[in-house]
A.B. asks: 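Pasting a structure below so you can have a look.
All figures in this text were calculated on a predicted structure; none of them were measured in a lab. Reminder, nothing fancy here: chain letters follow the sequence lines and each chain counts from 1. The figures here come from the full heavy-atom set of this structure, side chains too, leaving out hydrogens, waters and symmetry mates.
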2 protein chains.
Amino acid sequence: MQDNINKLFKAIADPTRRDIFHALVLATSALSITQISTQFDMSRQGVTKHIKILNDAGLVQMNEQGRNRFCYADPKPLKEVNKWMQFYSQFWDDSLDKLGNYLDTKQT
Amino acid sequence: MQDNINKLFKAIADPTRRDIFHALVLATSALSITQISTQFDMSRQGVTKHIKILNDAGLVQMNEQGRNRFCYADPKPLKEVNKWMQFYSQFWDDSLDKLGNYLDTKQT
DNA sequence: TTTATATGCAACTTTTTAGTTGCATAATTG
DNA sequence: CAATTATGCAACTAAAAAGTTGCATATAAA
């Protein structure tokens, strides 16, 4: 689905989710939901919801072991965001002067 | 403010706003709000609200001329998003095997 | 000057999002 | 087995977001 890119953008739009994702990227081992929760000033269920959204976007993967669900980050989907940005990067690479000229041509 | 990055992520989280931004990047001249509105199946005020959010994020700039407000895209703030992603790119560059090994070390 | 156009502002509705609490259940540990 | 732990599910609240309509106003065109 082309809807995936939407889930991805939504997932990283929230600062708490970016923090959770970052914590998982930095973690030296996969972390259970409870372990993650202790790092955030929020209820476990609140964290669980964020993780579900990250998981739906493909940014967090799970590994069920008994009563634990170990989570780890998977940054690969971010490639899509990167791809989206690449088109626009040609414009921010312009010098300010060049951008100025470009805009001058736009204003009638 | 470090809050700017938040506005930026929020701004690009909405598909309509990404469309508006894209249309402005592609436009050969700055476009008035009414001109932009005609391209979207939405009221002018709806579009205005999106443009305000894009403007707050720095992605759209204005140029008032009489009763018109000509809008044009400014992709430069996206550099910040790019910077945010750069850290994670080291992981998606890993081959699947390498990622696999990395994850193995994570799982008890 | 009259009319038409481009816009802003305010109030409102609907939907989504972020977060909570409470309870049930399955897996572990003592 | 009894107690503890990790979790999911459901219901709920509060706030933010997306979008609407109506009206006022300033500019431009006839």
A.B. asks: Rounded off to whole Å, could you give me the NE2-to-C1' distance for the His50(B) and dA16(D) pair?
C.D. replies: 14 Å
A.B. asks: Whole angstrom is fine here: how far is it from CD1 in Ile51(B) over to C1' in dA6(C)?
C.D. replies: 12 Å
A.B. asks: Determine: side-chain N/O of Ser32(A) to OP1/OP2 of dT7(D), distance under 4.0 Å, yes or no.
C.D. replies: yes
A.B. asks: Answer with yes or no whether the side chains of Gln61(B) and Asn63(B) bring together a donor and an acceptor at under 3.5 Å.
C.D. replies: no
A.B. asks: Do Phe87(B) and His22(A) have ring centroids that are under 6.0 Å from one another?
C.D. replies: yes
A.B. asks: Can you measure Glu64(B) atom CD to dA6(C) atom C1' for me and round it to whole angstrom units?
C.D. replies: 12 Å
A.B. asks: Expressed in angstrom and rounded to an integer, what is the separation of Ile36(A) atom CD1 from dT5(D) atom C1'?
C.D. replies: 16 Å
A.B. asks: Between dT7(C) atom C1' and Leu31(B) atom CG, what is the distance in whole Å?
C.D. replies: 16 Å
A.B. asks: Find out if a path of hydrophobic residues (ILVMFWY) with successive side-chain heavy-atom gaps under 4.5 Å connects Ile51(B) to Ile53(B).
C.D. replies: no
A.B. asks: If we only count heavy atoms from C-beta on, is the Phe91(B) to Asp74(A) side-chain gap below 4.5 Å?
C.D. replies: no
A.B. asks: I want to know whether Phe21(A) and Tyr88(B) have ring centres closer than 6.0 Å.
C.D. replies: yes
A.B. asks: Report yes or no: does Asn68(A) contribute a side-chain atom to a donor-acceptor pair with the main-chain N or O of Phe70(A) at less than 3.5 Å?
C.D. replies: no
A.B. asks: Do Gln39(A) and Leu31(A) come close enough that some side-chain heavy atom pair is under 4.5 Å?
C.D. replies: yes
A.B. asks: Using heavy atoms and a sub-4.0 Å distance, could you list which residues of residues 8-20 of chain A are near DNA chain D? By number, please.
C.D. replies: none
A.B. asks: Take the protein atom CD1 of Ile33(A) and the nucleotide atom C1' of dA6(D), then report the distance between them rounded to whole Å.
C.D. replies: 9 Å
A.B. asks: Going by the rule side-chain contact (heavy atoms from CB on, under 4.5 Å), which residues pair with Glu80(B) if we only count those two or more places apart in sequence or in a different chain?
C.D. replies: Ile5(B), Leu8(B), Lys83(B)
A.B. asks: Decide, yes or no, whether a salt bridge links Lys52(B) with Asp56(B) under the criterion of side-chain N to carboxylate O below 4.0 Å.
C.D. replies: yes
A.B. asks: Rounded to whole angstroms, how far apart are NZ on Lys7(A) and P on dT16(C)?
C.D. replies: 14 Å
A.B. asks: For nucleotides 20-30 of chain D, read 5' to 3', which letter fits each nucleotide if B means a protein heavy atom sits under 4.0 Å from the base, S means only the sugar-phosphate is that close, and - means neither?
C.D. replies: BBB----BS--
A.B. asks: Rounded to whole Å, please give me the gap between CG in Asn63(A) and P in dT7(D).
C.D. replies: 12 Å
A.B. asks: Quick check on dT7(C): is either OP1 or OP2 less than 4.0 Å from any side-chain nitrogen or oxygen of Thr34(B)?
C.D. replies: yes
